[in-house]
Amino acid sequence: MRLKVQYYALMREQAGRSEEWLETPAPTPAKLFDELSARYGFTLAREQLKVAVNSEFSDWTRALAAGDAVVFIPPVAGG
Amino acid sequence: MRLKVQYYALMREQAGRSEEWLETPAPTPAKLFDELSARYGFTLAREQLKVAVNSEFSDWTRALAAGDAVVFIPPVAGG
Amino acid sequence: MFRLTPQPIDTGAARREILDAGAGGYVSFEGWVRDHNEGRQVTRLEYEAFAELAVKEGERILGEALARYPVKHALCVHRVGSLGLADMAVWVGVSSEHRGEAFEACRYIIDEVKHRVPIWKKEHYVSGDSGWVNCERCAAPAHA
Amino acid sequence: MFRLTPQPIDTGAARREILDAGAGGYVSFEGWVRDHNEGRQVTRLEYEAFAELAVKEGERILGEALARYPVKHALCVHRVGSLGLADMAVWVGVSSEHRGEAFEACRYIIDEVKHRVPIWKKEHYVSGDSGWVNCERCAAPAHA
């Protein structure tokens, strides 16, 4: 399944990119995170993050579909 | 005893003046108010007012001295 | 600092007075002349102050706010004279390291200013008459 | 309305958007870049947003504030990009018939924006290093 992942802030720095299209067998955002964390060595644990799919907050266990855009959201610090 | 009285807002309108020097036997602001209320027909009762002597809040029972400046303060409405 | 002014309040200048590189938050309050009050249509207001005591009492309130809340700076400017609809009657600004205290101090200041500072306002109504706010019942002997 | 801007926030223009002749009170909050945070000397900040979701979540927060508190208008503008000391990072303005609700709504908005809107800031320190706020422990594997 082909997906888009966008990276922000610390995740962007650790992934070394702002976005990428990738082919993955991960059925859920949780599994996708585990896969990418193994690849990039993210220092944040999944429990510290939220996730968005197609620009809306999502459960980690949602079923991903081809073409989905996924964003892992580290602790926010606006203001 | 010669005193100065300054009037503001509703008190000014009802007294028909902003200030006046007057000769009074009133030993306290309370007695002075009763005297002036009888003269001008103030519609506010003393319990609805505060009083200032020489530009500072005062008790109604303070002893007045010659030259004191007295202000009767109707309910405030700043802001 | 507490100030009275017969001129329109310059909020930009007032704000600059309390800017502080050590402050992370700033809260301001503005009181505007509303087009209505207690069911009556208002056309304009007149504010009158017992200036010497108003400034003293205003300064005391600001001092209390600075003592009670760990904020950096606090300033209040109150307009006097004739004001039209939507004109600004009062401005309060507070700068603080953390936002919570800035909100609390700003609210404390405006609440106390409204209750304690000897300033009065007379409302003029569409109907042509007028009245001193908070003195309505007292103003009419027939209602006493 | 919630907006992101890479330009300095124009508070005068933002304020004019929520002026209302039926409103008697107006409360605004400004968040400024402090020269220190958690004991470290800060020289500048970079703000980064996940823009599409930030605007959605910001709009939701403003909608919640308008539903919860009987206020007239509410607006929030958040800066993104590189900011220096004392620059304004965020502005919130609320106009209301009565001041109590304006304070409460303004505070609700800034509290929720800080906790929920996907915006991040990286602090640059006098010492030359930098760190993502709220991610310090996570950023250094040695500390994990």
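So that the names make sense, note that chain A is the first sequence line, chain B the second, and so on, each numbered from 1.
Interface remark: D:Lys56 contributes side-chain atoms only to the contact with chain A (heavy atom separation under 4.5 Å). Contact of D:Phe50 with chain A is made through backbone and side chain together, with heavy-atom distances under 4.5 Å. For D:Arg79, no part lies near chain A; criterion is any non-hydrogen pair under 4.5 Å. With a 4.5 angstrom heavy-atom cutoff, D:Lys122 touches chain A only via side-chain atoms.
Considering CD of D:Glu52 and CD of A:Gln6, their distance stands at 8.0 Å, rounded to 0.5 Å. The SG atom of D:Cys135 sits 9.0 Å away from the CD atom of A:Gln14 when rounded to the nearest 0.5 Å.
Judged purely by atom type and a 3.5 angstrom limit, D:Tyr47 uses its side chain to pair as donor or acceptor with the backbone of A:Gly79.
Residues from residues 82-91 of chain D that place a non-hydrogen atom less than 4.5 Å from a non-hydrogen atom of chain A comprise D:Ala89, D:Val90, given in numerical order. Along residues 57-78 of chain D, the residues that come nearer than 4.5 angstrom to chain A, judged on non-hydrogen atoms, are D:Glu57, D:Arg60, D:His78 in order of number. Of residues 50-62 of chain A, those residues with a non-hydrogen atom less than 4.5 Å from any non-hydrogen atom of chain D are, in numerical order, A:Ala52, A:Asn54, A:Ser55, A:Glu56, A:Phe57.
Residues passing the side chain to side chain donor-acceptor pair (under 3.5 Å) test with D:Glu101: none are found, sequence neighbours excluded.
Counting heavy-atom neighbours within 6.0 Å of D:Met1 CE, excluding the residue itself, gives a total of 12 or less.
Between A:Val76 and D:Asn134 the shortest heavy-atom distance is O-ND2, 2.8 Å. In terms of heavy-atom proximity, A:Tyr8 sits nearest to D:Ala49 at CE2-O, 3.3 Å.
Between D:Trp132 and A:Pro74, the closest side-chain pair of non-hydrogen atoms is not below 4.5 Å.
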